[in-house]
Visitor: 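Here you go, one structure.
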Amino acid sequence: MVNILTFYKRYVNATKQSCRNIYIYKNSSKTLTIYCFSTKVYIVGLFFEQPSARAENLTGGRIEMENIISLKNISVKFDGERILNDINLEIKDKEFVTLLGPSGCGKTTTLRIIGGFITPNGGKVLFEDKEINDIPPHKRNVNTVFQRYALFPHLNVYENIAFGLRVKKLPEKVINQRVGEMLELVNLMGYEKRSVNRLSGGQQQRVAIARALINRPRVLLLDEPLGALDLKLRKEMQIELKRIQQSLEITFIYVTHDQEEALTMSDTVVVMNNGDIQQIGTPVDIYNEPVNAFVADFIGESNILDGLMIKDCLVEIGGREFECVDSGFGENTPVDVVIRPEDVKLVSPDDAKINGLVQSVIFKGVHYEMLVEAYDFSWIVHSTQAAEVGSAVGIKFAPSDIHIMKKMEKANKTYLIGTPEEEI
Amino acid sequence: MKVKLISAPYLVWMAVFIVVPLIMVGYFAFTDGNGHFTLEYIADVAQYTNIFIKSIWLAAIATVICLVVAYPVAFILTRLETKVQGTMLMIVMLPMWMNFLLRTYAWMTLLGNNGLINRLFELVGIGPFKMLNTEGAVVLGMVYNYLPFMILPLYSVMVKIHKSILEAAADLGCNSRETLFRVVLPLSLPGVNSGIIMVFVPAISTFIISRMLGGGGNLLIGDLIEMQFLGNSYNPNLGAGISLVLMVIILLIMTIMNQFNDDDDKVLL
């Protein structure tokens, strides 16, 4: 123990950096590895357990702990129904990850597996490369913000936030100080004595976040936390959450069905449907390069058409050939073609290959949303200029705006987008 | 105004069958046979202190046993599937569909010296034990008859504790024992409170259970009062006096109970 302390002091002196958390792992019967977490993760030393043995200096050997949580081949069944099919997911430390998908896609189930509330039927859950399948929730270094906050109704704001520390039986002074910090973090100073039943939805939300963060978890799980708030408050809280995540430098895993929320806050978005992961990527990637029609349709509005890939960079839509920039689909292959409404330009009928009639015009604030009927397909068009209902227009788009996707295996395009799911 | 009209039948009922009788009890307790004011009968109650203490004691034991038995049952009940919950609740209430006297008679035949239980003991070669006409038999009768009155209020409070609240406790580091003491117990206090009242009050004033299962040696307040009105020692003034004192005792106990419960009432009621 003396060795470790001496070594830690030397490390702090050398790097001018203090450790937020120190983890000591027993490698074998004789050696210990010490990890020090500050902004990055370093191995600060390798020690021999015997007090007489000399400490071996490995300072400077820097390892960035890449994955904090890995799901390997996770599958879950309820009553014979498959909820998750062989999910593989790696979540990096200090990342803001969003699990996005419609109701019943398995995103809440995935979150509850990480939290320890569901044991998967198959597969492994790894926390820093150690399997935690059989570790109960109260022993995991992970905390949750529940869908309906699940605050303790018999405790006031202060006691709700202090709960985790009281369980650990920390001294009153420490509790007082850390609850104070948390109240400041979520902007609830002065509400200590308030009953949680007399708080607004937004305030209850803040209490739930503070309560989950007070144990200083490495990972915070958030299950549709903003679902019950109105739009304005939701936008405020989105920014607030991002600020909290960045200032605390911890991993957030966030479940939502709201694509805009996912795009606003996340470093990585995981799109899920029917118990499968559809796509993992940055918000920009997911929006600009959706891998299939489901993702394209779920992230923002889309025109999804049947097409035929004649050869590389040439696609046939509704009997007309268009140049595009995608390749590698083979020749004469049926594909899904996605064109974003904001990429469609309405021109005079003579200037375009596709002509149609304007069916409806709706003012949406920033733009007009128009439906144009052409080739038995209703094109959604976003434009700042309105066309007249009933007028003939031409539809035009640039080759780079045509996104070609492999046909989905199941032509199942009906899914629910709506209310927060109640997976209890 | 309309709302007040709806409550009229009950108000009339209350006036005729609750308030008036109460006044009459008070009147009898403080007057003698000729209608003159006297404190004699209230003072006489003091000579039955032993019976009062015994009644409170037996009722308290029965209440504690009911609580200990009912609490886990109620909790497990609320964590079952909704469909199963209904069936289980019905089973809990099933004995209440049978006549109270009949149920208590059944215990007499079970517990008697030649009763079923002693005969079973005989087969094994032990006994017979004296089980009927003991304090234990009285407590058993109370627990048996009043257990559903403990389970139901506990159940109705616990069913409101959402699963996610228990998960939140686990999430914040509670094992199941800590979850029980830090979350479930405080949240179910209102149910504990009303369960105790629902069991303790009828148990302290029962006379059938003590008469049938306790024999002559286990006289309780209920028996004492009954004797003043229907028995050989006919003395309605003393009976009213005892009733009044009993009422005051119950009120005191309930007031004490409510002190423990102040905060939680606000939350759940």
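When reading the values below, keep in mind they use all heavy atoms of this one structure, side chains included, and skip hydrogens, waters and symmetry mates. Lettering follows sequence order; numbering is per chain, from 1.
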Visitor: So which part of B/E167 gets closer than 4.5 Å to some heavy atom of chain A, the side chain, the backbone, both or neither?
Guide: both
Visitor: Taking the side chain as every heavy atom from C-beta outward, state whether A/R206 and A/E240 have any atom pair closer than 4.5 Å.
Guide: yes
Visitor: Only counting residues at least two apart or in another chain, list the ones meeting side-chain hydrogen bond (donor to acceptor under 3.5 Å, both in side chains) with A/Y149.
Guide: none
Visitor: Within the 3.5 Å criterion, strictly below it, is a donor on B/K54 or B/N218 matched to an acceptor on the partner's side chain?
Guide: yes
Visitor: Quick one: does A/R234's side chain get under 4.5 Å of A/D258's, heavy atoms only?
Guide: yes
Visitor: Counting only heavy atoms closer than 4.5 Å, note whether A/N143 contacts chain B via side chain, backbone, both or neither.
Guide: both
Visitor: For A/R140, is it the side chain, the backbone, both or neither that has a heavy atom under 4.5 Å from a heavy atom of chain B?
Guide: neither
Visitor: Using a 4.5 Å heavy-atom cutoff, which residues in residues 156-174 of chain A come close to chain B?
Guide: A/F163, A/G164, A/R166, A/V167, A/K169
Visitor: Between A/V145 and chain B, which part of the residue has a heavy atom less than 4.5 Å away: side chain, backbone, both or neither?
Guide: neither
Visitor: Heavy-atom distance under 4.5 Å to chain B: side chain of A/L155, backbone, both or neither?
Guide: neither
Visitor: Evaluate the salt bridge (charged side-chain N to carboxylate O under 4.0 Å, His left out) criterion for residues A/D93 and A/R218: first the C-alpha distance (whole Å), next the side-chain angles of each, then the deciding distance (0.1 Å), finally the verdict.
Guide: CA-CA 8 Å; A/D93 199 12; A/R218 302 285 311 284; 3.2 Å; yes
Visitor: Looking just at side-chain N and O atoms, do A/S195 and A/N197 make a donor-acceptor pair shorter than 3.5 Å?
Guide: yes
Visitor: With side chains defined as the heavy atoms from C-beta onward, is the minimum distance between B/L180 and B/C174 less than 4.5 Å?
Guide: no
Visitor: Hey, is OH on A/Y191 packed in by over 12 heavy atoms from elsewhere, all under 6.0 Å?
Guide: no
